[in-house]
Q: 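Starting off with a structure, shown below.
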Amino acid sequence: MITLKSKREIEGMNKSGAILAATHLMLKNKLYVGMDTWEIEKLVDDFIQSHNATASEKGVDGYKYATCISINDEVAHAIPRKGLKLKNHDVVTVDFCVNWQGYQSDSAWTYVIGESTPEIEHLLSVTHKALYLGIEQAQVGSRVGDIGYAIQNYVENEEHMGDVRELIGHGIGPSVHEEPDIFHYGKPHRGLRLKEGMVITIEPMVNLGGSSHIQTKFMPRIDWEYYVSGDNSLSAQFEHTLAITNDGPKILTSQDKIFDKEFLI
């Protein structure tokens with residue numbers, strides 16, 4: 001069932017999203033070569049708690065952590081791992097959700113550890129632009145296929161990278177994951193029509209090598225599955241939570257009020 005949010009609910013989710021965005025802004029200044037991924041987990045969890053909120057992923061389907069931390073060819077759902085040290089040029093996606101007084105928000109961001117390279121910068125630039133091309137299509141009366149087509153056409157046809165299909169965006173609030181499904185590929189003017197009051201995530205995942213496929217990996221020690229790119233190339237992801245309104249899409253997890261000014265409540 002798709003829930004349409006009231007103005008009050010969207011305002012609450014915007015406050016939750018502000019905490020989430022502040023967490024990412026804090027984190028990007030703390031990352032360094034040699035950092036243990038468990039330190040990222042602790043920084044995020046402690047920061048969220050210090051703002052009287054909780055990390056929503058803890059306890060979902062038995063998940064024990066505040067964050068998912070995916071490195072290099074890991075596309076999504078990898079866990080923070082004690083003893084795993086970040087290296088120069090590592091591409092790291094940190095994904096987490098925030099619950100503030102029952103209001104949910106969700107955002108992933110990809111970072112470069114130490115020095116970047118032109119190849120990495122291009123991957124991140126394409127993925128970031130793909131997110132915003134999708135957001136621009138999230139208008140009342142548009143369809144889910146419009147979002148997906150804008151992302152797929154840019155990533156695959158213009159940039160010749162891999163637009164991951166198996167992992168998708170979703171509705172959010174009051175649960176972390178709910179309907180509707182938001183695909184990052186598709187045909188224009190097809191699919192579910194967007195309505196005022198929907199709150200969704202758009203979260204394209206892009207593989208540098210051109211493969212749109214993913215491989216499933218398994219961590220037997222904790223009985224957990226995660227995903228890597230089908231061609232083992234670097235992967236990046238950017239994700240925002242946004243509300244569909246009659247005044248256009250409104251980003252609830254903005255990290256840059258100047259860049260996002262046309263999409264703010």
Q: Starting at CD1 of I182, measure out to NE2 of H170 and round the result to the nearest 0.5 Å.
A: 9.5 Å
Q: With sequence neighbours left out, which residue pairs that include part of residues 191-230 fulfil the ring-ring contact (aromatic ring centres under 6.0 Å, His included) condition?
A: Y63-W224, H77-Y227
Q: Given the ring of W100, does K15 sit roughly above its face, with NZ or CZ under 6.0 Å from the centre of the six-membered ring and within 45° of the axis?
A: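 No, K15 and W100 do not form such a contact.
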Q: Determine yes or no for a side-chain-to-main-chain donor-acceptor pair under 3.5 angstrom, with S229 supplying the side chain and S233 the backbone.
A: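 Pair found, side chain donor or acceptor close to backbone of S233.
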Q: Keeping the roles fixed (side chain from H184, backbone from E203), state whether a donor-acceptor pair exists under 3.5 Å.
A: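 Side chain of H184 to backbone of E203, a donor-acceptor pair under 3.5 Å: yes, one is there.
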Q: Is the shortest distance from a Lys or Arg side-chain nitrogen in R165 or E156 to a carboxylate oxygen in the other one below 4.0 Å?
A: yes
Q: State, to 0.1 Å, how close F47 and T23 come at their nearest heavy-atom pair, and which atoms those are.
A: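 Looking at all heavy atoms of both residues, the closest pair is CD2-OG1, 3.2 Å.
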Q: Flag yes if F259 and V126 sit in one hydrophobic cluster, no otherwise; membership is Ile, Leu, Val, Met, Phe, Trp, Tyr, and two members link when side-chain heavy atoms are under 4.5 Å apart.
A: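 As far as the 4.5 Å side-chain criterion goes, V126 and F259 are connected within one cluster.
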Q: State whether E74 and R81 are salt-bridged, where the test is any N-O pair (Lys NZ or Arg NE/NH1/NH2 against Asp/Glu carboxylate O) under 4.0 Å.
A: yes
Q: M219, L84: one ILVMFWY side-chain cluster at the under-4.5 Å cut-off?
A: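 No, M219 and L84 fall in different hydrophobic clusters.
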Q: Got D106 and T253 here, is their nearest side-chain heavy-atom distance under 4.5 Å?
A: no
Q: Step through the shown structure and confirm whether more than 12 heavy atoms of other residues, nucleotides or ligands are within 6.0 Å of OH on Y149.
A: no
Q: In this structure, are over 12 heavy atoms from other groups packed under 6.0 Å from K58 atom NZ?
A: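 Enclosed.
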Q: So does K257 have more than 12 non-hydrogen atoms from other groups sitting under 6.0 Å from NZ?
A: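 Yes, the 6.0 Å shell around NZ holds more than 12 heavy atoms from other groups.
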Q: Side chains of Y65 and D45: is there a donor and an acceptor less than 3.5 Å apart?
A: no
Q: Before giving the answer on side-chain contact (heavy atoms from CB on, under 4.5 Å), spell out for I151 and V206 the whole-Å C-alpha distance, their side-chain angles and the decisive distance to 0.1 Å.
A: CA-CA 10 Å; I151 293 170; V206 176; over 6 Å; no
Q: Can you tell me if E115 and N88 form a side-chain donor-acceptor pair at under 3.5 Å?
A: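 Side-chain D/A pair, E115 to N88: present.
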Q: Between R193 and G141, is there a donor-acceptor pair closer than 3.5 Å when you use the side chain of the first and the backbone of the second?
A: yes
Q: With a 3.5 Å distance limit and no angle check, can you tell me whether N99 reaches the backbone of G102 through a side-chain donor-acceptor pair?
A: yes
Q: Quick one: CG on L4 to CD on E9, what's the gap to the nearest 0.5 Å?
A: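 CD of E9 is found 9.5 Å from CG of L4.
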Q: Please test E158 against N153 for side-chain contact (heavy atoms from CB on, under 4.5 Å), starting from the C-alpha separation and ending with a verdict.
A: CA-CA 7 Å; E158 295 186 32; N153 182 61; 3.7 Å; yes
Q: Rounded to the nearest 0.5 Å, what separates atom CD1 in I48 from atom OG1 in T54?
A: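 With rounding to 0.5 Å, CD1 (I48) is 8.0 Å from OG1 (T54).
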Q: For residues K28 and L25, determine if any side-chain heavy atom of one lies less than 4.5 Å from a side-chain heavy atom of the other.
A: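 A side-chain contact under 4.5 Å exists here.
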Q: Is it true that a side-chain atom of Q215 and a backbone atom of V228 form a donor plus acceptor pair closer than 3.5 Å?
A: no
Q: Does the N72 side chain pair with the main chain of L234, one donor and one acceptor, at a distance under 3.5 Å?
A: no
Q: When you compare the side chains of T93 and S70, does any donor N or O come within less than 3.5 Å of an acceptor on the partner?
A: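 No, no side-chain donor-acceptor pair sits under 3.5 Å.
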Q: Indicate yes or no: at least one non-hydrogen side-chain atom of L43 is less than 4.5 angstrom from one of M35.
A: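 Yes, their side chains come closer than 4.5 Å.
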Q: Could you report the tightest heavy-atom contact between D260 and S254, atom names first, then the distance?
A: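 That would be OD2-OG, 2.6 Å.
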Q: Determine the minimum heavy-atom distance between V33 and G114, stating which atoms define it.
A: CG2-CA, 3.8 Å
Q: Do the charged groups of K129 and E136 touch, with an N to O distance under 4.0 Å?
A: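 Salt bridge: no.
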Q: Kindly state whether the ring of H24 and the ring of F96 have centres lying under 6.0 angstrom apart.
A: yes
Q: State, to 0.1 Å, how close D73 and N232 come at their nearest heavy-atom pair, and which atoms those are.
A: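 Minimum heavy-atom contact is OD2-ND2, 3.3 Å.
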Q: Counting N and O atoms only, with roles assigned by atom type, does the side chain of T201 sit under 3.5 Å from a partner on the main chain of G169, one being a donor and the other an acceptor?
A: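 Not confirmed, T201 side chain does not pair with G169 backbone.
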Q: Would K195 and I244 satisfy side-chain contact (heavy atoms from CB on, under 4.5 Å), going step by step from the backbone distance to the final call?
A: CA-CA 7 Å; K195 297 181 179 180; I244 310 299; over 6 Å; no
Q: Working to the nearest 0.5 Å, report the span between OG of S107 and CD of Q255.
A: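 Spacing of OG (S107) from CD (Q255) equals 6.0 Å.
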Q: Could you state whether V92 and M26 fall into the same hydrophobic cluster, counting links through intermediate Ile, Leu, Val, Met, Phe, Trp or Tyr residues with side-chain heavy atoms under 4.5 angstrom apart?
A: yes
Q: Under 4.5 Å between any side-chain heavy atoms of Y103 and I19, yes or no?
A: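 Y103 vs I19: side chains apart.
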Q: Would you say E225 and T216 are linked by a side-chain donor-acceptor pair, where the criterion is simply a distance under 3.5 Å?
A: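 No - no donor-acceptor pair under 3.5 Å links their side chains.
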Q: Taking NZ, NE, NH1 and NH2 as the nitrogens, is one of them in R190 or D146 under 4.0 Å from a carboxylate oxygen of the other?
A: no
Q: Side chains of T245 and V140, heavy atoms from C-beta outward: is any pair under 4.5 Å?
A: no
Q: Rounded at 0.5 Å granularity, tell me how far CG in L208 sits from NE2 in H122.
A: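 So the CG of L208 and the NE2 of H122 are separated by 8.0 Å.
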Q: In this structure, are over 12 heavy atoms from other groups packed under 6.0 Å from D61 atom CG?
A: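 12 or below, so no.
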Q: Which atom names give the shortest non-hydrogen contact between G230 and S211, and what distance separates them?
A: CA-OG, 3.9 Å
Q: What is the distance from atom NZ of K87 to atom CD1 of I113, rounded to the nearest 0.5 Å?
A: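 Spacing of NZ (K87) from CD1 (I113) equals 10.5 Å.
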Q: Would you say L252 and I2 are hydrophobically clustered, going by side-chain heavy atoms of ILVMFWY under 4.5 Å?
A: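 In one cluster with L252: I2, yes.
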